[in-house]
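What follows is one structure encoded as structure tokens, with my remarks underneath.
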Amino acid sequence: MENENKKDSRKFVFGNERFGGSYTPGEFEFNFPEDMSREEFERMFTRRMNSLHRRGNEFADEFFDMGPKSKKTKLKTLSIRVKPHTKDFYKNHSILSPRDVLEMYENFNNGSEAFINSLIEDEKNLEVELKDVQEKLHNARLFREKLSEIEPENDVLTDEDKVLQLKRVYKDSEVKVIGNEIALGKAKGDIIRDIQIYNTLIIRVFNNEFLTIGVYTNAQPVVYYFKNEYSKDDVEEILHHVEEYCNDNDIEFNVHERSCFEE
């Protein structure tokens, strides 16, 4: 009976009303809050333990590699004023001795200092990385400025770009496109037929890329554009056929080496 009372007198209670537990030699009990399951607590406990484990590895040398001397030889003499109820707690209820508490405090204090030192070291490393990033940004800015100073080479315009440009230049004209989908004979026939329909006075050819049909009012109702894909030999054959028709029918035929695409 005396042993049981002694055992109960060593019961250690921790935590608060919402979350806590108790420890008695040979027993261990947790009281979980209503809104926390055991699985949630285990996950929280695992995260905390992993964090402490990582931090403990960093401070292991400082705490435990002390050579032939024990840890307690490094502790200063415990000389503090302790109130009566604190003495009673250590004597009758605490599973830790005052020496254990002082040792834990010193380890915590050393750990805090080491942690602060590690943060300072991290700050220095970040400053170095920041300088590297700033230098890269500076070089990238210089490179972009150099690129802007270099005049880009004239890109080859697509068929869509050229057709849109023709529609802007010849606002009142119908732009017709000749590509590989149109047979050579049909292309010749279509152009000659439009020349006849509009009572053409002049044909203007621009760099073998397109031609315009001009009438007596100086208007140009139709513009024929030859796609980039269209064979240059076929274009020359079409233009030669149109030129022969113009010569036979007293229609002026003009050839220009430059076009609006080069302006």
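- Residues Y224 and I192 are members of one and the same hydrophobic cluster, defined by side-chain heavy-atom contacts under 4.5 angstrom among Ile, Leu, Val, Met, Phe, Trp and Tyr.
- Y170 and V215 fall into different hydrophobic clusters, defined by Ile, Leu, Val, Met, Phe, Trp and Tyr side-chain heavy atoms under 4.5 Å apart, directly or through other members.
- Contact between L184 and D234 at its shortest, heavy atoms only, is CD1-O, 3.8 Å.
- Listed by first then second residue, pairs satisfying salt bridge (Lys or Arg N to Asp or Glu O under 4.0 Å) with a partner in residues 157-170 read K162-E209, not counting sequence neighbours.
- Counting all heavy atoms, side chain and backbone alike, I195 lies closest to T200 at O-OG1, 2.9 Å.
- With sequence neighbours excluded, the residues satisfying side chain to side chain donor-acceptor pair (under 3.5 Å) with E252 are N254.
- Counting only residues at least two apart or on different chains, no salt bridge (Lys or Arg N to Asp or Glu O under 4.0 Å) pair has a member in residues 131-141.
- In plain terms, the two heavy atoms of S173 and V222 that are nearest each other are CB-N, 4.5 Å.
- Hydrophobic cluster membership differs between V223 and I191, with clusters built from Ile, Leu, Val, Met, Phe, Trp and Tyr side chains linked at under 4.5 angstrom.
- Closest non-hydrogen pair, Y230 versus I182, comes out as OH-O, 4.0 Å.
- The CD1 atom of I202 lies 11.5 Å from the CG atom of L211; values are rounded to the nearest 0.5 Å.
- Counting only residues at least two apart or on different chains, the salt bridge (Lys or Arg N to Asp or Glu O under 4.0 Å) pairs with a member in residues 180-202 are K176-D194, E181-K227, K186-D190, K188-E237, D190-R193.
- Side-chain atoms of E229 come within 3.5 Å of backbone atoms of N180 as a donor-acceptor pair (strictly under, hydrogens ignored).
- Heavy-atom neighbours of D172 CG from other residues, nucleotides or ligands within 6.0 Å: at or below the threshold of 12.
- H256 meets the ring pair (Phe, Tyr, Trp, His ring centres under 6.0 Å) test with F206; sequence neighbours excluded.
- F210 and V175 fall within the same hydrophobic cluster, defined by Ile, Leu, Val, Met, Phe, Trp and Tyr side-chain heavy atoms under 4.5 Å apart, directly or through other members.
- Listed here is the closest heavy atom pair of V242 and F253: CG1-CE1, 4.0 Å.
- Of the candidates E243, E244, E236, E244 is the only one forming a side chain to side chain donor-acceptor pair (under 3.5 Å) with H240.
- Separating the CD1 atom in I213 from the CD1 atom in I203 is a distance of 5.0 Å, to the nearest 0.5 Å.
- One hydrophobic cluster, built from ILVMFWY side chains closer than 4.5 Å, cannot hold both V205 and Y225; they sit in different ones.
- Applying the side chain to side chain donor-acceptor pair (under 3.5 Å) test to Q196 and every residue at least two apart in sequence or in another chain returns Y245.
- Residue N125 qualifies as enclosed at atom CG: its count of foreign heavy atoms under 6.0 Å is above 12.
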